[in-house]
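Index from 1, following the sequence. Note that this is a predicted model, so its numbers are computed, not measured.
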Amino acid sequence: MFDAIILSDIHLGSDNCQAKYLCDLLESLAEGEMHAARLILNGDVFDSIDLRRLKKTHWKVLSLLRKLSDDLDIIWICGNHDGSAEIISHLLGVSVKEEYILHSGERQILLLHGHIFDEFLDDHPVLTWFGDLIYWLLQRLDRTHTFAKWAKKSSKTFLRCAKRIEEKSIEYARKKHCTAVCCGHTHHVHADETRDISYFNSGCWTELPCTYLTVKEGQVQVCEFLVTSTSEEIMYVRSE
């Protein structure tokens, strides 16, 4: 039994949302293959609150969340893409928060999306939109997303933003008397337990491999869906 499973940056409604594989994870919870006390959606569940953009698999994700809310606590932390999450939260039976402190073992773990520390997002909306467009095109050209991820991680602007979010969130967690902090927003899965405040980022469900975090007795672990290429398809298997 996990104390929590943490997902972020699903971006339902976007063309690169890997909803099919997220359904696999949610179904494993619904069918009892995985057990968790709570499911935490750490921001950007939607790409925008425009339900006309949702595809069949995106609606299935929402349906599974509604089903799961009867049996476990689901917490939705608002991200910069979520808009007024309160409108949909009542339909799904989930709690919406700006941030959340998870008590696990002897640890207090702060969860927040992280966009509030991203000054570039507010100061350069046009450049942000253009960068997102280029990234989306690279993903469309390469189904493995290898080149898109390489381009992102090679960007000095991205690296500066990701580092700022990490530093600012650790500083904020320290003020909250927490010993760890989990963010999303950057779409870059990351774990650093070398400092007094551990930092984790749950990655995203818009690139491959899709990633998430599990928490049990204060221990946070990065998990992913591993990719095996064949001549016909890309197959995902759940990591141990």
Side-chain angles (χ1 to χ4, degrees), residues 4-14 17 38-50 74-89 92 94-104 107-132 135 152-153 155-193 195-207 211-213 215 220 222:
I5 292 176
I6 304 168
L7 315 172
S8 69
D9 298 278
I10 300 167
H11 289 274
L12 294 174
S14 68
C17 172
R38 61 188 58 81
L39 175 65
I40 302 175
L41 309 173
N42 198 1
D44 288 356
V45 173
F46 287 91
D47 195 57
S48 69
I49 303 296
D50 182 355
I74 300 182
I75 298 160
W76 179 355
I77 298 171
C78 284
N80 50 297
H81 281 262
D82 287 322
S84 181
E86 292 283 356
I87 298 174
I88 297 177
S89 66
L92 297 180
V94 306
S95 302
V96 176
K97 301 181 182 296
E98 293 297 324
E99 59 186 53
Y100 178 74
I101 294 179
L102 171 67
H103 301 272
S104 175
R107 257 182 165 178
Q108 293 191 96
I109 304 170
L110 175 65
L111 291 106
L112 71 165
H113 186 59
H115 62 292
I116 59 173
F117 305 123
D118 188 352
E119 294 179 350
F120 189 88
L121 187 70
D122 295 327
D123 296 341
H124 304 89
V126 176
L127 287 176
T128 300
W129 171 84
F130 184 71
D132 287 344
Y135 181 68
K152 180 178 70 174
K153 293 176 184 178
S155 166
K156 291 182 180 179
T157 298
F158 167 78
L159 293 175
R160 282 197 299 269
C161 288
K163 191 63 178 177
R164 177 179 176 79
I165 290 169
E166 180 176 349
E167 296 296 337
K168 288 294 184 179
S169 63
I170 288 175
E171 180 182 327
Y172 185 60
R174 188 175 289 113
K175 293 178 181 177
K176 292 280 188 176
H177 305 291
C178 294
T179 55
V181 58
C182 298
C183 292
H185 187 59
T186 67
H187 292 207
H188 175 54
V189 65
H190 184 57
D192 183 357
E193 299 188 76
R195 292 183 278 187
D196 60 324
I197 308 293
S198 299
Y199 175 81
F200 302 92
N201 194 295
S202 45
C204 66
W205 290 78
T206 59
E207 65 181 35
T211 54
Y212 59 99
L213 303 175
V215 185
V220 183
V222 173

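Here Ile101 contributes atom CD1 and His103 contributes atom NE2; the two are 6.0 Å apart, rounded to the nearest 0.5 Å. Atom CD1 of Ile77 sits about 11.5 Å away from atom CG of Asp44, to the nearest 0.5 Å. Rounding to the nearest 0.5 Å places SG of Cys204 at 11.5 Å from CG of Leu7. Considering CG of Asp118 and NE2 of His113, their distance stands at 9.0 Å, rounded to 0.5 Å. Going from atom CD1 of Ile109 over to atom CD1 of Ile197 covers 11.5 Å, rounded to the nearest 0.5 Å. For the atom pair CD1 of Ile6 and CG of Leu111, the computed distance is 4.5 Å after rounding to the nearest 0.5 Å.
Residues Asp47 and Gly13 share a closest heavy-atom pair of CB-C, 4.4 Å. What you find for Ala180 and Ala173 is that their closest heavy atoms are O-CB, 4.4 Å. Nearest heavy atoms, Cys183 versus Ser169: SG-CB, 3.6 Å.
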* Asked: Taking it one step at a time, do Arg174 and Asp196 satisfy side-chain contact (heavy atoms from CB on, under 4.5 Å)?
  -> CA-CA 9 Å; Arg174 188 175 289 113; Asp196 60 324; 3.0 Å; yes
* Could you go through the side-chain contact (heavy atoms from CB on, under 4.5 Å) check for Phe200 and Glu193 one step at a time? => CA-CA 8 Å; Phe200 302 92; Glu193 299 188 76; 3.6 Å; yes
* To do: Applying side-chain hydrogen bond (donor to acceptor under 3.5 Å, both in side chains), run through Asn201 and His188 and close with a yes or a no.
  => CA-CA 7 Å; Asn201 194 295; His188 175 54; over 6 Å; no
* side-chain contact (heavy atoms from CB on, under 4.5 Å) between Val181 and Lys176: does it pass, once the steps are laid out? -> CA-CA 10 Å; Val181 58; Lys176 292 280 188 176; over 6 Å; no
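Shown here are the side chain to side chain donor-acceptor pair (under 3.5 Å) partners of Tyr172, two or more places apart in sequence or in another chain: Glu99.
Side-chain contact of His185 with Asn80: a donor-acceptor pair under 3.5 Å is present, judged by distance alone.
Panel note: side chain Trp205, backbone Thr211; a donor-acceptor pair is recorded below 3.5 Å. With Asn42 contributing its side chain and Ser202 its backbone, the two residues share no donor-acceptor pair below 3.5 Å.
Residues Gln108 and Leu110 fail the side-chain proximity criterion, which asks for heavy atoms closer than 4.5 Å. Put simply, the side chain of Arg38 reaches to within 4.5 Å of the side chain of Tyr100, judged on heavy atoms.
Screening Leu213, Leu102, Leu112, Val215 for a side-chain contact (heavy atoms from CB on, under 4.5 Å) with Cys182, the sole residue that qualifies is Leu213.
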